[in-house]
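Proteins come first, then strands; the chains are lettered A, B, ... in the order of their sequence lines, and each starts at number 1. Fair warning: this is a prediction, and the values are worked out from it, not measured in the lab.
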Number of protein chains: 2
Amino acid sequence: MSAENLPRILIIDDELAIRRFLHTVLSGKDFSLHEAENGHAGLAAAAVFKPDIILLDLGLPDLDGIEVIRRLREWSLVPIIVLSVREHENDKVAALDAGADDYLTKPFGVGELLARIKAALRRSLQDVPEPVFISHDLQVDLTRRLVTIRGDEVSLTPTEYDILRLMVTHAGKVLTHGQILKQVWGIAYLEQPHVLRVNISNLRRKIEADPSRPRHIITEPGVGYRLTC
Amino acid sequence: MSAENLPRILIIDDELAIRRFLHTVLSGKDFSLHEAENGHAGLAAAAVFKPDIILLDLGLPDLDGIEVIRRLREWSLVPIIVLSVREHENDKVAALDAGADDYLTKPFGVGELLARIKAALRRSLQDVPEPVFISHDLQVDLTRRLVTIRGDEVSLTPTEYDILRLMVTHAGKVLTHGQILKQVWGIAYLEQPHVLRVNISNLRRKIEADPSRPRHIITEPGVGYRLTC
DNA sequence: CAATTGGTGTAAAGATTTTGTCAAGATCGC
DNA sequence: GCGATCTTGACAAAATCTTTACACCAATTG
């Protein structure tokens, strides 16, 4: 098998000893390895290296591990296996709820680690969605939070970006008012569809050539909105 | 939410105490539960009950847990979470290699179990390609709420879509006026069959090639309507 | 055979609801 | 305090719903 087809593993850990250990353990097993020693480098590497699996330590110097998981999950479904010394249940629950796929407490057995990596790979043989969404003149790069229209960068407010990200990750499907409100504003805003309309209007003014005749954000009357793909 | 849409969990464990415990823990969390007390019953239940997750004890009286995993994996990809007292690494590796998705050693925390169940559900719900209804030139994609006729997208009002969705989910069967009225408008409209006719007419104008000679929405005089399939 | 009757289909006119836009406060972070 | 953002209110615009009116068809009946 050529090196390009090997499963790609990204290790995000600040301890050199752990990275060396994982390297030793995994390098003999037909994996293509990449390493990052802090959260920001890890996020960048995930975008460039496009790993099939991420092994993530929670105790990073620059970013909290949970935050790393959250940011990854904004644009990627890559399996994340957390390796941590924290064995308290709350840490496990927080990591899994944030989007991690598995949680191993150090010290762990090499065999178990390999078995869990294999299990994760087995599951994720499905196709990975491309993190850059392109539709006509609209381009959304989820890894960089960058939105361009006809090549020009547009600046979105946090709320506008959240809405657009949600639509991109569900492109083509109808998102009900309730789904968007719950995801972006939280469950308390379910009965406030007005803020959503204002934001959709603002969003359209920024990304539609003719906001009164939208081609990207289509309204499905009585139901919600849909992003054409 | 109706009981039909709840995530379905199958518990395979021979110890009544464990089943009771899991039942108590999970029944309050919006799951639909099913239980089996040995391997053969578990395999049979998996086929009939079609769970979204299986919680499996390794120490069953009739079949080894590993064997249960193997037999399940011959035909199903349902996520399997192993719950076991065996904490030796070899047991974990064997279970995971046989096709289990996760392995929890008893005793485990309730929060962690729930978090791992959620993680497994999250993964498996990602791509469930819901069937698209196709009949001649009509195509109804219920997940995208997209209706096309000869490839052209048609826009339906909420009421029209409700009617069509109802007919698609009961394609081929006759739906009485009462059934449609009750389902779409609510029980109060049972005595207002006229709104239904108006909407059927509008619907036909949108999806029938020749609305005066409908080929999709067939009227069954004196009874109701039927969608050909 | 013509008229009637009950069930059905179509068109159009308000009435109602939903959606879009603008702009004025309110809030938040720096 | 200032600028950006968010929220809210008022109103306009658009879409949808309901109702009314009437045409059509087939079976029945006088």
NA contact type, A:Tyr189, heavy-atom cut-off 4.0 Å: base, sugar-phosphate, or nothing?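 Sugar-phosphate: the residue A:Tyr189, judged by heavy atoms under 4.0 Å, touches backbone atoms but no base.
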
Look at all strands and tell whether A:Pro193 reaches a base, only sugar-phosphate, or nothing, counting heavy atoms closer than 4.0 Å.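 Counting heavy atoms under 4.0 Å across all strands, no contact is made by A:Pro193.
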
Within-4.5 Å side-chain heavy-atom neighbours: B:Met167 and B:Leu175: yes

Does some side-chain heavy atom of A:Val168 sit less than 4.5 Å from a side-chain heavy atom of A:Trp75?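 Result no, sub-4.5 Å side-chain heavy-atom pair not found.
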
Does a side-chain N or O of [X] approach OP1 or OP2 of [N] to a distance below 4.0 Å, or not?
{"X": "A:Thr157", "N": "D:dC6", "result": "yes"}
{"X": "B:Arg204", "N": "C:dG9", "result": "yes"}
{"X": "B:Arg205", "N": "C:dA11", "result": "yes"}
{"X": "A:Trp185", "N": "D:dT7", "result": "yes"}
{"X": "A:His177", "N": "C:dT19", "result": "yes"}
{"X": "B:Tyr225", "N": "C:dG9", "result": "yes"}

Given [options], the nucleotide with the shortest approach to the side chain of [X]:
{"X": "A:Arg197", "options": "C:dT10, D:dT7, C:dG20", "value": "C:dG20"}
{"X": "A:Val198", "options": "C:dC22, C:dG9, D:dT16", "value": "C:dC22"}
{"X": "B:Ser201", "options": "D:dC6, C:dG9, D:dT7", "value": "C:dG9"}
{"X": "A:Pro158", "options": "C:dT10, D:dC17, D:dC6", "value": "D:dC6"}

Stepwise, does the salt bridge (Lys or Arg N to Asp or Glu O under 4.0 Å) test hold for B:Arg8 with B:Asp52? CA-CA 5 Å; B:Arg8 305 157 73 81; B:Asp52 298 303; 5.3 Å; no

Whole-Å gap separating [atom2] ([N]) and [atom1] ([X]):
{"X": "B:Glu191", "N": "D:dT19", "atom1": "CD", "atom2": "P", "value": "14 Å"}
{"X": "B:Glu208", "N": "C:dT8", "atom1": "CD", "atom2": "C1'", "value": "16 Å"}
{"X": "B:Ile180", "N": "C:dT8", "atom1": "CD1", "atom2": "C1'", "value": "14 Å"}
{"X": "B:Glu220", "N": "C:dG6", "atom1": "CD", "atom2": "P", "value": "22 Å"}
{"X": "A:Asn199", "N": "D:dA4", "atom1": "CG", "atom2": "P", "value": "17 Å"}
{"X": "A:Leu196", "N": "C:dT18", "atom1": "CG", "atom2": "P", "value": "14 Å"}
{"X": "A:Asn202", "N": "D:dT7", "atom1": "CG", "atom2": "C1'", "value": "12 Å"}
{"X": "B:Leu203", "N": "C:dG9", "atom1": "CG", "atom2": "P", "value": "12 Å"}

Quick one: does B:His194 reach the base of D:dT19 with a side-chain donor-acceptor pair under 3.5 Å?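 A donor-acceptor contact between them is absent.
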
Can you label the angle between the A:Phe108 ring and the A:Phe21 ring as parallel, tilted or perpendicular, going by 30° and 60°? tilted

Could you give me the CA-CA distance, side-chain angles and deciding distance for B:Arg215 and B:Asp210, then say whether salt bridge (Lys or Arg N to Asp or Glu O under 4.0 Å) is met? CA-CA 8 Å; B:Arg215 297 176 48 81; B:Asp210 179 0; over 6 Å; no

Identify whether the distance between the nearest side-chain nitrogen and carboxylate oxygen of A:Glu74 and A:Arg145 falls below 4.0 Å. yes

